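Since the structure is predicted, the reported quantities are computational estimates derived from the model, not experimental observations. Every chain is numbered from 1, with letters handed out A, B, ... down the list of sequences.
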Amino acid sequence: MAVSIAPKETADLSAMEDEAFRAHVRQWIEANYPSELRNPPKRLHWDENKPWYFKLAEKGWLCPGWPRQFGGLGLAPAKQIIFTEEVERHGCARTNDHGIVMVGPLLINHGTDAQQQEFLPKILNGEHVWCQGYSEPNAGSDLAALRTEAVLDGDDYVVNGQKIWTTLASDANWCFLLVRTDKNAKKQEGISFLLVDMATPGITVKPIINLEYHDEFCEVFFDNVRVPAKNLVGTPNRGWDMAKALLSFERIYLGSPRLSAYAFARLRQLAERMGVWEEATFQDTYGRLRLDLEDLKSLYGTFVDKLRRGETLGADVSMLKVFQTELFQRITDTMLEIAGENAGLLEPMEGNRNLNPTGQYIQARPATIYGGSNEIQRNILSKNVLGLPG
Amino acid sequence: MAVSIAPKETADLSAMEDEAFRAHVRQWIEANYPSELRNPPKRLHWDENKPWYFKLAEKGWLCPGWPRQFGGLGLAPAKQIIFTEEVERHGCARTNDHGIVMVGPLLINHGTDAQQQEFLPKILNGEHVWCQGYSEPNAGSDLAALRTEAVLDGDDYVVNGQKIWTTLASDANWCFLLVRTDKNAKKQEGISFLLVDMATPGITVKPIINLEYHDEFCEVFFDNVRVPAKNLVGTPNRGWDMAKALLSFERIYLGSPRLSAYAFARLRQLAERMGVWEEATFQDTYGRLRLDLEDLKSLYGTFVDKLRRGETLGADVSMLKVFQTELFQRITDTMLEIAGENAGLLEPMEGNRNLNPTGQYIQARPATIYGGSNEIQRNILSKNVLGLPG
Amino acid sequence: MSQALDDRSESIRMIRDSAGAVAPRDGDTKRVRALRFVEPGFSRDVFAEMGALGWIGLAAPEAAGGSGLGMSEAVALTEELGAGLAPEPLIPAMLSARLLAAAEDKALLGGLLDGSKVVLTAWQEKADSIAVPGTGDAPRMFIPQAGGADAFLLPVREGNRIALVALEAAGSDLVLEKTMDGGFVGTLRADLSRGSRIADDVGAVVEQAIDEAALATAGHMLGLMEKAFELTLGYLKTRQQFGRIIGTFQSLQHRAADLKIHVSLTRAAVESAAAVLDDGATGAVRQAAVSKAKHRAVESGMYVLRQCIQLHGGIGYTDEYDVGLYLRRGMVIMNQYGAAALHRRRFMALAPEDVE
Amino acid sequence: MSQALDDRSESIRMIRDSAGAVAPRDGDTKRVRALRFVEPGFSRDVFAEMGALGWIGLAAPEAAGGSGLGMSEAVALTEELGAGLAPEPLIPAMLSARLLAAAEDKALLGGLLDGSKVVLTAWQEKADSIAVPGTGDAPRMFIPQAGGADAFLLPVREGNRIALVALEAAGSDLVLEKTMDGGFVGTLRADLSRGSRIADDVGAVVEQAIDEAALATAGHMLGLMEKAFELTLGYLKTRQQFGRIIGTFQSLQHRAADLKIHVSLTRAAVESAAAVLDDGATGAVRQAAVSKAKHRAVESGMYVLRQCIQLHGGIGYTDEYDVGLYLRRGMVIMNQYGAAALHRRRFMALAPEDVE
C-alpha cells in the first residue's frame, strides 16, 4: 500500500497569485479526478476512493494545510480556501480524511517528536487510513459521558468498551480514540486520546446498515485491547480539550453550502423532468430556497473571510451548521413533494444519478444529527454566543 | 341600570328541533343585533356594547347555559353550541361576559345560597358587569405565583396588591379576584376566590395602551381594600382548583376557528383589492391556509362533539388553542405581505373596515400569549397529554 | 356526521381488532423485514387471509360478495395496517374489487375477494396523477407490488367511455423496480389483444374508486405517523443523555406537542372525510373531502415522520431500528393517488367558500 | 469584496459613531415617542442635523456637495437609525439628493443637503412597486413623512424619457394618513403647472436611486431587528417565572438561537449587497444584489420582530414597552421600495444560475 512520498508538485504554490493558483488546482483536478466519481450519491468506500487518494498523496496535495516542515504544502488560509472551493466545485468525493484533518493537526500541536515521526509520514503517503472513535451508544449528543475505558497495565493501556457511528471504520487501519482514563474525575476531566492500530487483537468492527441501505457507519468493539502507552497523545486525562479544539474544523465543514448547492441543482433537474419547472408555485418555492442558499453563501463567506484573515472561529460558526443542514433537508423535502411516485423508489430514476430524489432525501436526514445534533448546536448558540443562562 | 328580568322569551327552546332552534336564534339576532357593530375591529367597551347586552338580558338569552332554576335557559350542550355558532356566524361582538361564563358557573357550583341570591340575578339583568382579577406583573404564565394578599381583619378581608391584563376592568363594577390568603402554604394551596365591588375605596384602575393603541386591558391596584368575608367563594385556600376548572371554558373558546375564519375571509378581500387574488403563488398560499382552517374546523368539531355528548374536555383541548392562534397569526402575516405600503397604515384602508390588515395583524399578536401562552399550552400537552416527564 | 360515527363505532372497533391479528400494532416487525426485497415483496398467504377476513371487499356490496361496510371502516383498517406496516397491496386490491363489482365479473371478483387471486388495476400513465386517460397502448406505471399480480385490469378509453380489460399477468411485459420500503413497483406494457374486455364503461366508478383509494392511503399514512410517534414518545421517555431522560428537555417536549397536533389534525381530516363519503356524497363534495384528507395526511404525515427520525438521533438513521421503516413506507405512499399539491389544487378548484 | 470592506471599516465605524449622537442605540425613546402622531411626525431640527453631518448627501459626489461615500456606509447609517428608531425621512431624502445631483439643480440640492429643506420624491403610483411610470396626472402615493416636505420632486414620463418636475409643497393638494409608528404618509395630487421642470431625463438615475433606497431600507430593518433582539435577550436574562430566569427554558433558548441566525443572515445579505454596489455593479447585477438583501431583510426581519413580541409575553403587547415600537416601524417599512415577493420575483428573473 506504500507509495512514494517524494511529491511531484514542484511549483511554488505559496508564491502564486490567487487566481493563478486556482487555475492550477482546477486544471490538475480536472485532469486527474475520475469522472465517474463526481458527486457520488453515497459516501465512497476506501476501495473506490483510494486511487484518487494516492494521486493526491503522490502529488503532495493530501495535506495542503499542514506546515511544510511536517510534509504539508504550508498553504496560507486564503489558498487553503481556494483549494477546498475547487475540490467542492468539481464534486470530488470526500476522502477518508480523518488522518488529514484530525490526526495530523492533533499530532502537530500535541504529539511527541516520536509520534510525529512515526505517524505523519504514513498519513502523507496514504499508508495509514484513520477513523475517529468518539461516540458511544450512551454518549451521543452527550459525548463527554463516554465510558470506553483504558487502564494502564505495564507499558500498555488495556481498552474495553464500544464506539458507534464510527465513519468508515471498516476501511481504516488506525483509529484515534477518546477513552476514559480516570473514572473518578468529573466527566470531562478523565478523558484521554489514544492512537490504536485496528489490527490489534480484541477489536471487532460491525457495519451499521443505515436508511440508505448503506454501511458508511460502524460499531467498533474493544475487548481487552492492548495499546502501547506511548500512543497516548498529549497529557493524560486532558483529551477532552484537544477533542473540542479539533471540532472547530468540523463545524465550518458541515456549514459549507456545498451539500445544499448540489441538492439544489438536482432539484431543478428533477423539476424539469417532472414538468413542474415552469409552474409559478414551484418557481416561488424554488426562489425561496434559492435565496436561502444565496444568503447562506453570504453568511458562510463572512466566516471564510475570518479564516482568510487568520482569525480563529468562535462558537457562532454553529449558525452555519444549523441553517445549512436544515436547508439541505428542505430542498430534499421539496424533491419528494414534486417527484410523484418516484418519491418511493430505491434507485435513481431512469438510471440517472442526477435524478435521485430519494437518495438525496435520505442522505439529508442525518445531517441535522451528526457532528453535534442541531439541538446541541442551538444549545451552544444560546449559551456560548447569546449568553443565556443555565 | 337595572332592567326587567322577566324574560320576553316564551317559546320552549328545549323542545325545539335543532334546526328550528337555529333558525329561531338566527332570526332574532339578525333582527336585533346592531349592524354597525358586526365584526368590530377592536374589543368593544361597555358603552358601545350595552344596548345589545341589555337586549339579550331582556330576552332572557344572556345565560343560555345556566340551569333554569338559576334563571338561565337551561339549554342542552348541543343547543348551546348552536347558539354560539349563530352568534359567531353573525359576527356579534364579544360581550363583557365574565359574569356569564365565569362568575355564574362558579357560584352555581361553589357559592352559598346567599351568594347565589345576591349575585346571579344581577348578572342576569346586566346590573353587575364583571372583570377577572387573575394575572399579576410577576405572575403571568406562572399564575399560581400571585402575591396579591388578603388578610382577615374582623369581618373583612383587607386586600393589597396589583393585578394586570384585567380585560375591560374600566367597564366593570365587580371583580372576581384570586388572592393569597395563606403565605406559608405551597403556592397553589394558599389561594382564595373573592368577589369585590369595584367601588370599594382603595381600588385604582389604570388602562394599558396596547399595540393597537387601544385600552382593552387594565392594571388594577388594591390598597387596603376591605372586602366582606362573606364574599369569599368556596373553601378558603382552595381557590386554585376552582380557577383551573373555570379555565376549560376559555381553552375551547380560544380554540374556536372564528377568529381565523373571520381573518381568512378578509384576506381574500384584501387580495382582490391588491390585485393578487388570481396569482398562482397567492392561490397556493391561500390554499394552504384554507386547508389549515378547514382541518382546524374538523378537529374543533371532534371536541364540540364531545361537549354535545355531555363529556368534559381533557387537557388535549390545548391543541386547538395552539393551532388556532398560530393560524390566525399566519393569516394576518400573509395580509401584511400582500398589502404593500398599506401594511404600515394605522387605520383601515380607504375607510373600509373589511380592509384592515394592520388591525388584524396587531390583534393576532397577543392571541399566542393570552389565556395561557402557547409555550404554556405546549408544556400542558407534553406533560398532561403525552406524559413526558419533568 | 358524528351521530353516524357513533353508530359505526362498533363495526370500526371490530375491524381494528381483526386488523391486529394480521398486522399487530405492538408486534414485532420480523415478518415485514423478512419480506423486503424478496419478490413480490409481500405474502400471498397474508393477502389470502385479508380476503378471508372480508377486507378486500370491505366496501363492496354484500350482494356482490362484499362486506357492505363503508369508508369509516376502510380508513380504520388501513390505519391499522399502516401502523403494522403490512406490505400487502390491500388498497389497490380494494380498488380492483370496486371495478370488478361494477363490471359484474363474478369469476375474477370471487377470486380477488377471497384473496386467492391478486388482481391489480393498471390505470396510471404518469406520475402524480389521479386521472385515468385510458390510452390503450400507453405503458401503465407505478403498479404497487405488481410482481405478485395474477391479473391486471386496464381501463381503456373508447370515445367518452372507459372500457375495462382484464389480462393475465403471466406472460405480460412487466418491469419491476425496488421501492424504499422493500417492495416492488411495476410498469406494464400490455398487449391488449391478450386480454378480455369485461365492461363497457367504468369511467364513473374508476374515478370514485381512485378517490376511495386516496382516502384509504391517507388512513395508511395516519397509521404510520401515529405508530412512529408512539415509538418516538417511548424513546423520549427512556433515552438518557446528560444524565437526564431526554423527554425532559423542553425543546423536545414542545416538538412532541406539535407532532401530537399534526396527528390529531390528520385523524380529524381523515375520519371526517370518511364520514362525508359514507353519507353518500358524490361529485365535488366527495372529491373535496378526499383531497382535504389526503393533503393533510401527506403534509402532516411526512412532517411527523421526519421529526420522529430526528428525535431518535443517530439510532433513527439505522435500518435496524424500526422508526425508519415508517419513514420509508411514508416515502412510498405519500404521492400515491396524488401528491399534496395536486390535492390542494383540486380542493381549491372544487370547494365552495363561505364568503361573508 | 471583503478587502474593500476592510478598507472601509474606518469610515463605517465613524458613520456609526456619529449616528449614535442623533439616534442613540442605547438611549431612551422619549424623543421618538414625543413625535408620534404630531404632524409631520419627525423633527425638522434633527433632519437639519442629519444634513449638517453630511448624511443626506452621504453617497452624493463631493463635487455636488455630498460626502462621496458609498452604500456600505449608507447601510451602516440606516441600520443605526433603525436601531435608534429615528423617524426622520432620511432614506427618501437621500433618494431626492441623488435626483437633484443628476439634475444639477444646485439651489434645491444645497438646501436639501444641509438639511434646511425637506425635499421628497413623489414617484409612486401604486402600492408595492419599484417602477416609475411617471404618469403626469396620477396621484403620487405613499410619500413617507410627506407632511414635513418643503418641496416635492415628480418624475414625469415624456416618451422614453422621465423628466423631473419640482413643486413647492405649500399649496399642494396633499392628504396625510397616520402610520402604525406614529408617522404620516402622504398622497399628492399635483398640479404640474405650478411646478418647474428641472431635468429632461432622470430615468436611469431614478431606477438606481430606488434600488439604493431599497437597500438602505433593508439596512434600517437590520437595525430594527437587531435592537429588538437585543432588548429581548435582555428580557430573557432577567424576567423570572416559575422561580427561574425564563432564559433558562430550552424552548426559548432555541428560538433565540434561530433569531440570531436570522439577524446574521440579514447582516450578511445587506452588507454583501452594499459591497456589490460599491464595486460599481450596474444593471442586473446591482438589482439582483439589492433584491436579495431586501428580500432577506423583510422575511427575516418581520419574523424576528414578531418573535420578539412573543418572547416578551404580555408586556410586549403594551405601547409602554419599547419592543413594540420596533414591530410597528417594521410594519411601516417592510414593503417600502418593494415587498419580499416582488424582490424574490425580480431576483429570480435576473440572477443567473450556475447550473452544473
Side-chain angles (χ1 to χ4, degrees), chain B residues 135 137-145 164-165 187 208-217 219 273-276 279 281-282 285 326 329 332-333 336-347 349-350 357-359 361-370 373-376 378-379 382, chain D residues 36-37 124 126-129 141-144 177-185 239-244 246 249 251-252 255 298-299 302-303 306 309-321 323-325 327-342 344-345:
Chain B
S135 293
N138 290 305
S141 288
D142 184 14
L143 180 57
I164 196 168
W165 314 124
K187 68 180 183 177
I208 299 169
I209 306 297
N210 65 21
L211 287 186
E212 289 185 86
Y213 298 104
H214 186 58
D215 58 354
E216 172 179 348
F217 304 111
E219 291 176 287
R273 173 65 189 83
M274 297 306 299
V276 301
E279 283 178 12
T281 55
F282 178 78
T285 302
E326 294 177 6
Q329 291 190 343
T332 62
D333 293 348
L336 289 203
E337 286 164 12
I338 64 168
E341 282 82 350
N342 302 297
L345 297 183
L346 182 68
E347 306 286 349
M349 292 163 59
E350 302 157 11
T358 57
Y361 179 84
I362 292 288
Q363 214 193 350
R365 294 311 110 189
T368 48
I369 296 167
Y370 57 53
S373 73
N374 285 21
E375 287 80 10
I376 296 293
R378 285 188 169 89
N379 286 345
S382 69
Chain D
R36 293 192 300 171
F37 302 124
Q124 198 167 356
K126 62 170 190 163
D128 189 18
S129 168
M141 305 165 74
F142 302 115
I143 309 167
E177 286 182 275
K178 290 177 188 157
T179 52
M180 281 301 301
D181 61 348
F184 297 86
V185 71
R239 168 76 171 170
Q240 296 211 13
Q241 291 279 274
F242 303 100
R244 290 166 57 180
I246 63 172
F249 286 104
S251 73
L252 306 190
R255 209 170 320 152
V298 177
E299 293 278 288
M302 293 307 288
Y303 168 69
R306 61 191 188 234
I309 299 292
Q310 177 69 19
L311 288 170
H312 273 83
I315 204 170
Y317 190 60
T318 64
D319 182 55
E320 193 183 346
Y321 208 77
V323 70
L325 301 178
L327 178 72
R328 288 196 284 216
R329 175 64 58 78
M331 294 168 73
V332 174
I333 68 159
M334 63 182 280
N335 295 335
Q336 283 178 352
Y337 310 105
L342 181 151
R344 189 162 58 241
R345 274 197 302 270

Smallest separation among heavy atoms of D/E177 and B/L345, with atom names: OE2-CD1, 3.8 Å
Go through the atoms of D/F37 and report whether side chain, backbone, both or neither lie under 4.5 Å from a heavy atom of chain B. side chain
Atom group of B/I164 that falls short of 4.5 Å from chain D, counting heavy atoms: neither
Under 4.5 Å from any heavy atom of chain B, what part of D/I333 do you find: side chain, backbone, both or neither? neither
Okay, D/Y337 and chain B: the region with an atom under 4.5 Å from a heavy atom over there is backbone
Side chain, backbone, both or neither: which part of B/F217 has a heavy atom under 4.5 Å from chain D? side chain
Residue part contacting chain B, namely of D/L327, when any heavy atom lies under 4.5 Å: side chain
With a 4.5 angstrom heavy-atom cut-off, which part of D/F142 approaches chain B: side chain, backbone, both or neither? side chain
Heavy atoms of B/I362 and D/M180 approach each other most closely as CG1-CE, 3.8 Å
Between D/M334, D/E299, D/Q241, the one whose heavy-atom pairs under 4.5 Å with chain B are most numerous: D/Q241
Quick check with a 6.0 Å cut-off and a 45 degree axis cone: is D/R36 positioned over the face of B/Y213's six-membered ring? no
Shortest non-hydrogen contact from B/S141 to D/F242? O-CZ, 3.4 Å
Using the side-chain contact (heavy atoms from CB on, under 4.5 Å) rule, pick out the option among B/I208, B/N210, B/I209, B/D215 that qualifies with D/D319. B/I209
Okay, B/L336 and chain D: the region with an atom under 4.5 Å from a heavy atom over there is both
So which atom in D/A127 and which in B/A339 form the shortest heavy-atom distance, rounded to 0.1 Å? CB-O, 4.3 Å
Taking every heavy-atom pair that is under 4.5 Å apart, which of D/E320, D/R239, D/R306, D/H312 has the most such pairs with chain B? D/R306
Answer with side chain, backbone, both or neither: which region of B/A145 has an atom nearer than 4.5 Å to a non-hydrogen atom of chain D? neither
Looking at B/L211, is its backbone amide N or carbonyl O close enough to the side chain of D/R328 to form a donor-acceptor pair, meaning the two atoms are under 3.5 Å apart? yes
So how far is it from D/R345 CZ to B/T281 OG1, rounded to the nearest 0.5 Å? 6.0 Å
Apply side chain to side chain contact (heavy atoms under 4.5 Å, CB included) to B/E337 and D/N335, showing your working. CA-CA 8 Å; B/E337 286 164 12; D/N335 295 335; 6.0 Å; no
With a 4.5 angstrom heavy-atom cut-off, is it the side chain or the backbone of D/A339 that approaches chain B, or both, or neither? side chain
Within 6.0 angstrom of D/K126 NZ, more than 12 heavy atoms from elsewhere: no
Applying a strict 4.5 Å limit to non-hydrogen atoms, the region of B/A139 in contact with chain D is backbone
Is it the backbone or the side chain of D/R255 that comes under 4.5 Å from a heavy atom of chain B, or both, or neither? side chain
If you measure from CG on B/N342 to OG1 on D/T179, what distance do you get to the nearest 0.5 Å? 12.0 Å
Chain B contact via D/R329 - side chain, backbone, both or neither, heavy atoms under 4.5 Å: neither
If we only count heavy atoms from C-beta on, is the B/E375 to D/Q310 side-chain gap below 4.5 Å? yes
Under 4.5 Å from any heavy atom of chain B - which part of D/R244: neither
Flag side-chain contact, heavy atom, 4.5 Å: D/D128 against B/V276: no
Measuring heavy-atom distances to chain B, does D/Q336 have an atom under 4.5 Å in its side chain, in its backbone, in both, or in neither? both
Can you say whether B/P137 sits under 4.5 Å from chain D via the side chain, the backbone, both, or neither, judging by heavy atoms? backbone
Under 4.5 Å from a heavy atom of chain D, the part of B/E216 involved: neither
Which answer fits B/I376, side chain, backbone, both or neither, if we ask what part of it has an atom under 4.5 Å from a heavy atom of chain D? side chain
